[in-house]
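Note that these values count all heavy atoms, side chains included, but never hydrogens, waters or copies made by symmetry.
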Amino acid sequence: MTSDGRNELRNERHVDARAMRFALVFPLLLAIGLIAGGLMMTAKLHGGAVLPWGGDPVSMPVFLAVGTAVILLVGAGLGSFGARTKLPRTLRRILLGVAMALQLAACTLFAAALLGQAGEGSLPSVRVDGYVLLMGCGLAAAMGVVLALTFKPDEQWTSADDQALAALLDAEMDPTAVNDQMAYFIHPRGSVIMMILLAAILPGTLLTLLSPWILLGLGVAALLVIAMLCATVQVDRRALVVKILGLVPILVAPCEGVDAAVSLDIVAGDYGGVGLRKHSGSATFLARSGAAVVLRMNDGGKVVVGAPNLDAADELSEILNRRAGKTPQQR
């Protein structure tokens with residue numbers, strides 16, 4: 001492919017139209033819902049309403065205008081950045097998830113203010129109904145996590161694709177060229193991450209009535225569990241290294257100690273489960289069941305490392321077998 005063709009692909013689109021539509025339409029619908037609810041509460045708030053952060057009462061149109069502005073600002077304003085294809089895919093997912101959580105929380109805040117100040121029956125009027133705010137913010141956080149984990153950004157041509165294409169063309173021009181370097185990132189499945197977070201956030205939100213530190217502690221614990229299951233796997237001419245979050249090396253297998261390597265589709269439970277496992281001279285690091293590379297070491301031990309897919313596992317096993325002077329093993 002010529003450089004002009006690559007530039008055309010790279011500059012084709014800078015905005016994910018599907019994500020942009022969602023980022024603009026969803027907060028607009030929330031704002032319409034707040035306005036509709038506010039108009040229904042007008043009869044109970046003849047003297048106007050106090051904004052959630054306090055101050056003097058303002059008229060209902062002003063209250064609803066401020067609420068609408070806040071929802072659109074945090075929803076459409078932040079969410080629209082998640083539709084920019086120039087940003088990394090992971091960052092785009094985080095931005096859309098945070099925008100979802102914040103706009104739902106903002107809508108809940110103004111709705112809780114209306115319900116609290118209107119009062120029902122013998123209940124006293126309060127500036128913000130705490131129970132409504134608590135339940136709404138818990139749902140907002142959960143929905144933000146769900147969106148961040150399920151949203152799939154559109155694939156776009158990037159500089160990494162340019163480099164991969166250039167390397168492929170170089171390899172075709174020089175068949176003797178051998179690449180003995182490889183790196184990839186492994187993590188649990190999105191559904192597992194979501195369940196870990198929800199298992200911490202939902203109970204923590206309810207237990208906030210006892211102490212806000214419980215939610216914070218459970219949230220930190222959930223993030224630590226997820227972090228311990230995310231790692232980078234790197235191999236070069238010297239060794240295979242697994243690093244938690246690409247920072248802390250937890251498993252090192254020298255290439256000179258590898259007897260043979262094979263790529264397999266495994267069940268994590270057959271190798272002790274997910275995470276780092278070390279026993280009797282053997283070591284494993286698996287983020288989930290699926291593709292993995294099993295190494296037989298010269299000292300009789302075994303090393304098992306997860307991979308994002310079988311293609312990556314095949315490539316890693318070929319590199320390790322080549323460094324060990326063996327022919328690639330077949331699945």
Side-chain angles (χ1 to χ4, degrees), residues 15-84 87 91-120 123 125-151 197 201-202 204-205 208-209 212 215-216 219:
V15 175
D16 184 338
R18 179 170 57 93
M20 181 62 76
R21 284 195 300 269
F22 178 82
L24 297 178
V25 172
F26 190 80
L28 181 60
L29 294 176
L30 283 180
I32 292 174
L34 177 64
I35 293 173
L39 294 178
M40 296 174 61
M41 303 294 293
T42 302
K44 298 181 179 181
L45 296 170
H46 299 288
V50 179
L51 293 172
W53 45 84
D56 297 329
V58 297
S59 64
M60 187 58 68
V62 174
F63 182 94
L64 295 177
V66 173
T68 298
V70 172
I71 293 173
L72 293 178
L73 180 64
V74 299
L78 184 60
S80 61
F81 283 98
R84 296 179 60 85
L87 298 178
L91 178 59
R92 291 176 57 199
R93 299 175 71 170
I94 293 175
L95 287 173
L96 283 174
V98 171
M100 165 69 82
L102 290 180
Q103 62 191 306
L104 284 173
C107 185
T108 299
L109 177 63
F110 282 88
L114 289 175
L115 292 174
Q117 294 173 43
E120 290 293 339
L123 294 177
S125 299
V126 293
R127 190 174 69 195
V128 177
D129 189 316
Y131 291 102
V132 174
L133 181 62
L134 181 63
M135 291 186 292
C137 288
L139 175 62
M143 290 300 295
V145 171
V146 170
L147 178 61
L149 294 176
T150 57
F151 172 65
L197 291 175
I201 292 174
L202 295 183
T205 302
T208 302
L209 297 174
L215 176 59
L216 178 61

- [ ] Please name the pair of heavy atoms, one in Leu95 and one in Phe81, separated by the smallest distance, quoted to 0.1 Å.
- [x] CD1-CB, 3.8 Å

Open item on the list: On a heavy-atom basis, which atom in Arg84 and which in Arg92 lie closest, and how many Å separate them?
Closed with: O-CD, 3.2 Å

Calculate, to the nearest 0.5 Å, the distance between atoms [atom1] and [atom2] belonging to [X] and [Y] respectively.
X      : Y      : atom1 : atom2 : value
Leu114 : Leu39  : CG    : CG    : 10.0 Å
Leu96  : Leu91  : CG    : CG    : 9.5 Å
Cys107 : Leu102 : SG    : CG    : 13.0 Å

Task: Non-neighbouring partners of Ala101 that pass side chain to side chain contact (heavy atoms under 4.5 Å, CB included), sequence neighbours left out - done: none

- [ ] Could you tell me which residues satisfy side chain to side chain contact (heavy atoms under 4.5 Å, CB included) with Leu139, sequence neighbours excluded, listed by chain and number?
- [x] Met143

Task: Thr108 side chain reached by Met135 side chain, heavy atoms, under 4.5 Å - done: no

Please list, one pair per line, the donor and acceptor atoms closer than 3.5 Å that link side chains of residues 20-38 to other protein atoms, with sequence neighbours excluded.
none

Show which side-chain atoms of residues 49-76 pair as donor or acceptor with protein atoms under 3.5 Å away, not counting sequence neighbours.
residue: Thr68; atom: OG1; partner: Leu64; partner atom: O; Å: 2.8

